[in-house]
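Any value given below was found using the heavy atoms of this structure, including those in side chains, with hydrogens, waters and symmetry copies removed.
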Amino acid sequence: EALAVSGAFYIPVYSSVSMSAGRLRADFSVTLSIHNASETKPLVLKRIAYFDTSGKMVQSYLKAPVALRPFSTVEVFIAATDVRGGTGANFVVDWAATGEIAEPAVEALMVGSVGPGHYAFISQGRPIKLIGKN
């Protein structure tokens with residue numbers, strides 16, 4: 001069956017964060033989660049790509065499209081010691097489905113410690129939509 005609908009998400013992630021007026025860098029682990037929000041339809045993931053601050057692709061996580069069962073989730077983990085992404089890292093996720101489907105839920109969880117404190121925060125994926133031309 002042909003893939004009738006498709007979309008893409010842009011997910012800003014923070015592998016490293018500058019602190020104390022740039023004198024301190026905190027490194028965070030990143031877990032990208034892609035959830036199929038459909039109860040009945042498979043979600044096809046066509047691309048999961050990781051980019052660094054300058055926009056250069058650091059890594060591609062799919063060799064071929066992957067079908068995600070209804071309500072299932074796929075995760076990509078980047079260790080805190082992997083600082084290739086830098087402070088402006090991001091993921092792009094391309095998806096498709098055979099027909100009408102619930103929009104996937106895509107978000108990234110960053111976890112790390114700075115001194116005695118532990119921090120965790122989430123960055124939500126934003127659907128990539130073209131804006132401008134009517």
Side-chain angles (χ1 to χ4, degrees):
E1 200 175 349
L3 297 172
V5 294
S6 61
F9 278 89
Y10 177 90
I11 311 93
V13 299
Y14 304 91
S15 172
S16 298
V17 176
S18 296
M19 304 179 87
S20 320
R23 289 191 302 276
L24 178 67
R25 188 186 82 194
D27 297 327
F28 292 86
S29 67
V30 175
T31 303
L32 173 74
S33 289
I34 304 160
H35 301 259
N36 182 355
S38 170
E39 192 168 2
T40 57
K41 290 224 167 107
L43 175 73
V44 177
L45 298 179
K46 293 168 32 180
R47 175 169 74 144
I48 301 172
Y50 183 48
F51 295 86
D52 70 10
T53 304
S54 68
K56 185 172 135 290
M57 188 166 70
V58 174
Q59 193 164 347
S60 175
Y61 288 89
L62 290 181
K63 287 178 176 50
V66 169
L68 212 48
R69 285 197 302 271
F71 280 169
S72 68
T73 301
V74 70
E75 293 178 334
V76 171
F77 178 77
I78 296 174
T81 52
D82 181 346
V83 295
R84 295 175 297 167
T87 54
N90 58 81
F91 278 97
V92 172
V93 173
D94 292 337
W95 62 270
T98 53
E100 194 173 76
I101 192 170
E103 185 173 69
V106 182
E107 51 192 23
L109 169 68
M110 275 64 61
V111 179
S113 9
V114 181
H118 298 284
Y119 299 90
F121 53 101
I122 283 179
S123 175
Q124 299 224 309
R126 298 151 171 79
I128 296 176
K129 294 183 179 138
L130 298 177
I131 295 173
K133 217 170 178 175
N134 289 348

Do [X] and [Y] belong to the same hydrophobic cluster, where Ile, Leu, Val, Met, Phe, Trp and Tyr are linked whenever their side-chain heavy atoms lie under 4.5 Å apart, directly or via other members?
X    : Y    : result
Y119 : V111 : no
I78  : F51  : no
Y14  : F77  : no
V83  : V30  : no
F121 : V106 : yes

Flag the pair [X] / [Y] as yes when at least one side-chain heavy-atom distance between them is below 4.5 Å, and no otherwise.
X   : Y   : answer
L45 : V93 : yes
V76 : Q59 : no
W95 : V5  : yes

Which one of V92, L32, V13, I11 satisfies the side-chain contact (heavy atoms from CB on, under 4.5 Å) criterion with Y50?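 Checked V92, L32, V13, I11 against Y50; only one passes side-chain contact (heavy atoms from CB on, under 4.5 Å): V13.
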Provide the closest heavy-atom pair for [X] versus [Y] in the form atom of the first, atom of the second, distance.
X   : Y    : result
T87 : T53  : N-OG1, 3.3 Å
K41 : N36  : O-ND2, 2.8 Å
H35 : L43  : O-CD2, 4.5 Å
K46 : L62  : C-CD1, 3.8 Å
E39 : P70  : O-CB, 3.2 Å
A37 : E103 : CB-O, 3.4 Å

Between [atom1] of [X] and [atom2] of [Y], what distance do you get to the nearest 0.5 Å?
X    : Y    : atom1 : atom2 : answer
D82  : D27  : CG    : CG    : 9.5 Å
S113 : H118 : OG    : NE2   : 5.0 Å
S16  : F28  : OG    : CZ    : 9.0 Å
S15  : R25  : OG    : CZ    : 8.0 Å

Can a donor-acceptor pair be found, under 3.5 Å and without considering hydrogens, that links the side chain of S123 to the backbone of P12?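 Between the backbone of P12 and the side chain of S123 there is a qualifying donor-acceptor contact (under 3.5 Å).
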Pair V74-V66, side chain to side chain contact (heavy atoms under 4.5 Å, CB included): steps then yes or no: CA-CA 10 Å; V74 70; V66 169; 5.9 Å; no
Using a strict cut-off of less than 4.0 Å between a Lys/Arg side-chain nitrogen and an Asp/Glu carboxylate oxygen, indicate whether R47 and D94 qualify as a salt bridge.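 Salt bridge present between R47 and D94.
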